[in-house]
Protein chains: 2
Amino acid sequence: MTSSPQTSAFAPAGGAVHTPKADMDVMRCLVCDIRNKSLCSSMDEEGLAALAHSSRQLLLPPGTTIVEEGEPALAFFNVTRGTVKLFKSLPDGRRQITGFADAGQFLGLSTAQTYSFGAETVDNVRLCRFLRPQLEALLSDYPTFERRLLAAVTDKLAEAQEQMLLLGRKTAREKVATFLLDRMRAFHQTANRRQEAENMASVPMTRVDIADYLGLTIETVSRTISAFRRSMLIASAENHRIRILSVATLLNIASGQKAD
Amino acid sequence: MTSSPQTSAFAPAGGAVHTPKADMDVMRCLVCDIRNKSLCSSMDEEGLAALAHSSRQLLLPPGTTIVEEGEPALAFFNVTRGTVKLFKSLPDGRRQITGFADAGQFLGLSTAQTYSFGAETVDNVRLCRFLRPQLEALLSDYPTFERRLLAAVTDKLAEAQEQMLLLGRKTAREKVATFLLDRMRAFHQTANRRQEAENMASVPMTRVDIADYLGLTIETVSRTISAFRRSMLIASAENHRIRILSVATLLNIASGQKAD
DNA sequence: CGCCAGACTTGATCTAAATCAAGGTTGCAT
DNA sequence: ATGCAACCTTGATTTAGATCAAGTCTGGCG
């Protein structure tokens, strides 16, 4: 599926790095820059110490496998920087990316013994890994944390339903418009709000990933983005950024009004 | 979207019936024929009494609206008989059915103030309705119930990811094969296991619903089912049943091996 | 017990997006 | 700086499934 640096979140070679000092680790969650934007926001100071104690921080380069389809579901992850792609594959290699987890999102929940999906870093990713027994202890010890997780999974389910509508019933044009707006929203939630960022979308993934996410081919994605650019609805910006010039028009397209 | 009996789970006209006697109601969950197959299995006898006390039972005819897209999310439901369809729509009427909830499944969870999806009965449906405050009390009072709900939502999310793979990357033939096998599995979980039922699939929904679930048109669904019948992979049976004559072949098709 | 409406099937034609096929760009490694 | 490999774009052609268009089947009701 993906190219070169085939490291793993469990056997960390390549760029994978554990934070070393245990005493610094107690502070990790307390000073985490995205703790208000994630599950961790359900925790008080004591809880944050418990979180830090229950997890290890990993730093992973682009293209690293975090979770392998069909492998034992040993851990749960919280993304604290960068973007992760989640996907499912058919035996012949066709692939569907089921979501992108940006900073503040979790991944790796599973009821079964094995993961039913794969996960791989898109860019440089920092994440916190909770082994299953430790996650379960946290859920039991901190009811607010469990409640927050239930809410987060419920939200993911609503997102998944929205994506099913996109995959089953939207045209290529509508799919790409929806994607760009979603990436703008993701950027707003993630970015450290220097307000230059108005109408910016962060698109760290390749055309292949976008196509596999939208149920299209790379050619169709490319053509559609080019068409939007020609119509002055968007403009390319530096390093994997796109500026959205007409949110309103894109919103119309995304929701199926043929307006353009 | 759907035809005539436009009743509602909140303003029950038509065939909607509340069980009347309060004292009989205490027993309801205790004697429920599907309690081992649903969320309720997490409850002991005392818990079941609390469940019965917190919910009302509704009996709804085919085509009844249970939940309306965009309406306040006031309740949570547990289906105890029949099949419910969940869907999302675009402004111009295009519709995606995101899932069918058979007996034993829940629906109606929402983090937002309003439902992001609609729900409607497919056939005669019996369900238990929990108003939100009552559901929340149950979650707080019965940690095993909350844990079970978390597991159930996690499973639904995995199902949704599987459906995204189907919608984004499978051919019409593969979609229909997958659907028929899923309906067989649903029937096995639901049916009162008279063992005649081997290889039977229950298909109470119309071609329109199947098409809206698989991201196809009714014509393509019809043609594909006809082709499977001609190839002797399936055979029609009495009242909305299909007998699967070659599970193995259908499994191959569903997973993308071109074998037929 | 035969009519009718809704559900389903089948065939002919069309089209959005896939596939096939060249290039063009970019950025990193030498 | 240069070369190459991965990534992206654009054009020509094909095709799976949509759309358009008749029918046929079914079961509930008078």
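Here is the naming used below: chain letters follow the sequence lines, and residue numbers restart at 1 for every chain.
- The CD1 atom of A/I225 sits 11 Å away from the P atom of D/dT10 (whole-angstrom rounding).
- Put simply, A/T217 has no side-chain N or O that comes within less than 4.0 Å of OP1 or OP2 on C/dA17.
- Between B/R223 and B/M205, the residue anchored closer to the 5' end of DNA chain C is B/M205, taking for each the nucleotide with the nearest heavy atom.
- In this structure, B/R207 atom CZ and D/dT19 atom P are separated by 18 Å, rounded to whole Å.
- Side-chain atoms of B/Q163 and B/E159, non-hydrogen and from C-beta on, never get closer than 4.5 Å to each other.
- Remark: of the listed residues A/R94, A/E69, A/R95, A/E69 is the sole one forming a side chain to side chain donor-acceptor pair (under 3.5 Å) with A/S89.
- Comparing D/dG17, D/dT10, C/dA17 by their closest approach to the side chain of A/R230 singles out D/dT10.
- Picking from D/dT9, C/dT10, C/dA17 the nucleotide with the shortest atom distance to the side chain of A/S226 gives D/dT9.
- Phosphate proximity of D/dT9 to A/S222: present, with a side-chain N or O under 4.0 Å from OP1 or OP2.
- OP1 or OP2 of C/dA7 has not a single side-chain nitrogen or oxygen of B/T206 nearer than 4.0 Å.
- The interatomic distance linking B/I218 (CD1) with C/dT9 (P) rounds to 10 Å, in whole Å.
- You'll find the side chain of A/I242 stays beyond 4.5 Å of the side chain of A/R183, heavy atoms only.
- Contact check on B/R169 versus A/D212 returns a salt bridge, with a Lys/Arg side-chain nitrogen under 4.0 Å from an Asp/Glu carboxylate oxygen.
- The CG atom of B/D212 sits 13 Å away from the P atom of C/dA7 (whole-angstrom rounding).
- We find that CD of B/E219 is positioned 14 Å from P of D/dA22, with the value rounded to whole Å.
- When distances are taken from the side chain of A/L216 to each of C/dA17, D/dA18, D/dC7, the shortest belongs to C/dA17.
- Under the 4.5 Å side-chain criterion, counting only non-hydrogen atoms from C-beta, B/L166 is in contact with B/L214.
- Considering only side-chain N and O atoms, B/R173 lies nowhere under 4.0 angstrom from the phosphate OP1 or OP2 of D/dA16.
- For A/D209 and D/dA6, the CG to C1' distance is 13 Å, given to the nearest whole Å.
- The CG-P distance, from B/L166 to D/dG17, rounds to 12 Å in whole Å.
- Atom CD in A/E174 sits about 12 Å away from atom P in C/dA16, given to the nearest Å.
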